[in-house]
Amino acid sequence: MKNYFYKLSNWLRQLLIGIFCERKQLKQAFPEFFAAVKQTYPIPGLKESSSLNLSNKKESCTVMTPQGMTLTENYLLISAYCYDHRHHSVIYVLDRSTGIKIKTVILPDLPHAGGLAYDTTQQKIWLSHTAGPYAAAVAIPLAEIENYIDDSQPIAYQQKVVLKELPHASALTYDRKYLVTALFSLKSFGKIVCYPIESMKNTNLAKRPCQSILEAPFGTLATPKKIQGVTFYKNFLLFSQSWGKQAGKIFVFDIQKTTDFSDTQQSIKIISTPPYLEQICVEDDQLFALFESGAAAYRQKTPFVLKEVLQLDLLELLK
């Protein structure tokens, strides 16, 4: 028994030392970024997640990869897909106060789930999807997510809308009754498109000139390459950029002063972040950042592994 407790205490000490060293290394490499961190939320399912296999049978997945994130009044939602494409994608529901995972919502199929957005008016969760050669967005009422029994049969999409202006939707955000969608492009400029959500037509999306904070002909603008996330803060438009094990970046543009959002030299600030940065979102003066480096496919590719969603003080970051 004494030997058992010695081994246990030694293992715990080594674990804590490892965690401390990893976090110290992160803070030294990205001091400005980590100086603004106010709170963290553990990302569920990085080692093992409940899901369904291709035969719709319950099975654990060890390669779930976090992609999208959004906030509701009470929850932090994180979407994830199976890196091996052998299991249904999922949405993890976390309590915003405690960070504890409440449930795993299993989706009816295997989307990459690169973007999540919360329509505060209709109280619906929008998820990026595909429709043949085009991008698409699917909607799930928040009430159905709240009523979903943890790890049960797949939840159903309430509606699916084809977004023919884009081949795929890499990121989503919601702004003033508009669904704003960004396209990731590796070698050329990306694109951001603004779609109005028509409340009188059962929230169908219709293409028309955009009247949100992002003003442009037909709501379409060019963006920098490798954009993984998009969000708004006051009169600023923020893009998260990441690809491979290089450091990520957050570009901050002043919407009223920028003439070309694909020109990163016009950004008022570039914030360096750890690699494998995915979706970002803003609430009040807080920035939330999701990374995929803790997933099985990436955790051995970088020394800067993050297994938590970070909540950062935007006022501190924008100094």
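This chain uses plain numbering: 1 for the first residue, then up along the sequence.
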Would you compute the distance between atom [atom1] of [X] and atom [atom2] of [Y] and round it to the nearest 0.5 angstrom?
| X | Y | atom1 | atom2 | answer |
| --- | --- | --- | --- | --- |
| K269 | D254 | NZ | CG | 14.5 Å |
| M64 | E292 | CE | CD | 14.0 Å |
| F288 | I78 | CZ | CD1 | 11.0 Å |
| K245 | Q300 | NZ | CD | 12.5 Å |
| T273 | Q241 | OG1 | CD | 9.5 Å |
| T302 | L26 | OG1 | CG | 8.0 Å |

Donor-acceptor check, side chain of [X] to backbone of [Y], threshold 3.5 angstrom: yes or no?
| X | Y | value |
| --- | --- | --- |
| Q266 | T259 | yes |
| Q279 | L116 | yes |
| K58 | D151 | yes |
| H88 | L107 | yes |
| T181 | A169 | no |
| T220 | V193 | no |
| S293 | L306 | yes |
| T65 | A295 | no |
| N53 | S55 | yes |
| E308 | T40 | no |

Partner residues of D84 under the salt bridge (charged side-chain N to carboxylate O under 4.0 Å, His left out) criterion, sequence neighbours left out: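 D84 satisfies salt bridge (charged side-chain N to carboxylate O under 4.0 Å, His left out) with R86 once adjacent residues are dropped.
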Taking [Y] as the starting point, is it possible to reach [X] by hopping between hydrophobic residues whose side chains are less than 4.5 Å apart?
| X | Y | answer |
| --- | --- | --- |
| Y75 | W126 | no |
| F232 | L71 | no |
| I192 | V162 | no |
| I43 | I102 | yes |
| F291 | L312 | yes |

Heavy atoms of other groups near K101 NZ, more than 12 under 6.0 Å: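 Result for NZ/K101: enclosed.
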NZ (K160) with more than 12 external heavy atoms under 6.0 Å: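 Enclosed: over 12 neighbouring heavy atoms sit under 6.0 Å from NZ of K160.
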Would you call [X] and [Y] a side-chain contact if the rule is heavy atoms closer than 4.5 Å?
| X | Y | result |
| --- | --- | --- |
| E73 | Q123 | yes |
| L46 | P66 | yes |
| L52 | H87 | no |
| I227 | S170 | no |
| L183 | H168 | yes |
| V230 | L237 | yes |
| I140 | L127 | no |
| L314 | L238 | yes |

For [X] and [Y], work out which heavy atoms get closest and say how close.
| X | Y | answer |
| --- | --- | --- |
| I255 | F261 | CA-CZ, 4.0 Å |
| G229 | S240 | N-OG, 2.8 Å |
| P111 | S89 | O-OG, 2.6 Å |
| V309 | M69 | CG1-SD, 3.6 Å |
| P275 | G244 | CB-O, 3.9 Å |

Side chain to side chain contact (heavy atoms under 4.5 Å, CB included) between L318 and Y233, intermediate numbers included: CA-CA 11 Å; L318 294 178; Y233 173 62; 3.7 Å; yes
Pairs meeting criterion ring pair (Phe, Tyr, Trp, His ring centres under 6.0 Å) with involvement of residues 35-64, two or more places apart: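 Output for this query is empty, none listed.
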Residue pairs involving residues 136-161 (criterion ring pair (Phe, Tyr, Trp, His ring centres under 6.0 Å); sequence neighbours excluded):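 Pairs touching residues 136-161 that pass the test: H129-Y157.
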Counterpart residues, side chain to side chain contact (heavy atoms under 4.5 Å, CB included), relative to I100 (two or more places apart):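 So I100 forms a side chain to side chain contact (heavy atoms under 4.5 Å, CB included) with T98.
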Check: F30 ring centroid to F304 ring centroid under 6.0 Å: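 Centroid separation for F30 and F304: below 6.0 Å.
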Residues that F184 engages under ring-ring contact (aromatic ring centres under 6.0 Å, His included), provided they are two or more places apart: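 Applying ring-ring contact (aromatic ring centres under 6.0 Å, His included) to F184 gives W243.
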Under the ring-ring contact (aromatic ring centres under 6.0 Å, His included) test, residues paired with Y298 that sit two or more places apart: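 Scan of Y298 (ring-ring contact (aromatic ring centres under 6.0 Å, His included), adjacent residues dropped) gives Y83, Y276.
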Among [options], find the residue that satisfies the side-chain contact (heavy atoms from CB on, under 4.5 Å) test when tested with [X].
| X | options | result |
| --- | --- | --- |
| I155 | I145, V90, I149, I106 | I145 |
| L287 | I271, D313, I250 | I250 |
| Y174 | V180, T121, T70 | T121 |

Would [X] and [Y] count as having a side-chain donor-acceptor pair, cut-off 3.5 Å?
| X | Y | answer |
| --- | --- | --- |
| K124 | Q158 | yes |
| D95 | N74 | no |
| D260 | S262 | yes |
| T264 | S267 | no |

Working for side chain to side chain contact (heavy atoms under 4.5 Å, CB included), residues T173 and V282: CA-CA 10 Å; T173 193; V282 169; over 6 Å; no
Audit row: L221, K191, side chain to side chain contact (heavy atoms under 4.5 Å, CB included) steps and yes/no: CA-CA 6 Å; L221 294 169; K191 184 188 293 186; over 6 Å; no
Test log, rule side chain to side chain contact (heavy atoms under 4.5 Å, CB included), inputs L310 and F33: CA-CA 10 Å; L310 303 182; F33 188 72; 3.6 Å; yes
Residues S49, Y92; criterion side-chain hydrogen bond (donor to acceptor under 3.5 Å, both in side chains); working and verdict: CA-CA 10 Å; S49 176; Y92 303 117; 2.8 Å; yes
